[in-house]
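Every value quoted in this text rests on a predicted model; they were computed, and no experiment measured them.
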Amino acid sequence: MDKVFQSVFYLFLIMILVKLSQFAYRVLRERRYMKELAQSGMPYIDKMDGYQFEIYVRP
């Protein structure tokens, strides 16, 4: 019985570690995306009206 309990415990522990790593990966990916978005100037572009945007993207 102890071996079954120990096996279930280790399986549960592995599942928790996998879920935590998935969560950490998701958080780090979102932080990197937000940092890239902030550096891209998109918030500035989002505040423009149509005419200002046309002037901004004009060659």
Side-chain angles (χ1 to χ4, degrees):
M1 187 68 177
D2 286 335
K3 289 190 179 214
V4 172
F5 177 74
Q6 187 178 10
S7 299
V8 170
F9 174 75
Y10 286 133
L11 181 63
F12 182 70
L13 187 62
I14 290 171
M15 289 173 55
I16 288 175
L17 290 174
V18 167
K19 290 297 182 183
L20 281 174
S21 65
Q22 288 174 342
F23 176 74
Y25 175 74
R26 207 174 325 132
V27 167
L28 292 174
R29 187 177 58 184
E30 184 176 334
R31 283 185 183 174
R32 184 176 56 221
Y33 172 76
M34 295 303 283
K35 184 179 178 182
E36 290 173 359
L37 181 65
Q39 292 174 350
S40 71
M42 284 299 291
Y44 171 72
I45 292 172
D46 287 341
K47 293 178 184 176
M48 293 181 184
D49 63 16
Y51 180 74
Q52 290 172 327
F53 179 73
E54 290 293 330
I55 297 298
Y56 180 76
V57 296
R58 164 174 78 177

Residues that [X] engages under side chain to side chain contact (heavy atoms under 4.5 Å, CB included), provided they are two or more places apart:
X	value
Asp49	Tyr51, Gln52
Val57	Phe53
Ile16	Phe12, Leu20
Arg32	Arg29, Glu36

### Task
Determine whether more than 12 heavy atoms belonging to other residues, nucleotides or ligands lie under 6.0 Å from atom CD of Glu30.
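Open.
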### Task
Could you identify which residues cluster with Tyr25, counting Ile, Leu, Val, Met, Phe, Trp and Tyr as linked when any side-chain heavy atoms lie under 4.5 Å apart, either directly or through a chain of such contacts?
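Cluster partners of Tyr25: none, it stands alone.
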### Task
Share the residues that join Leu28 in a hydrophobic cluster, the rule being Ile, Leu, Val, Met, Phe, Trp or Tyr side chains under 4.5 Å apart at the heavy-atom level.
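Leu28 clusters with nothing; isolated.
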### Message
Just verifying a value: how many Å separate Met15 CE and Leu13 CG, rounded to the nearest 0.5 Å?
### Response
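Result: 11.0 Å between the selected atoms.
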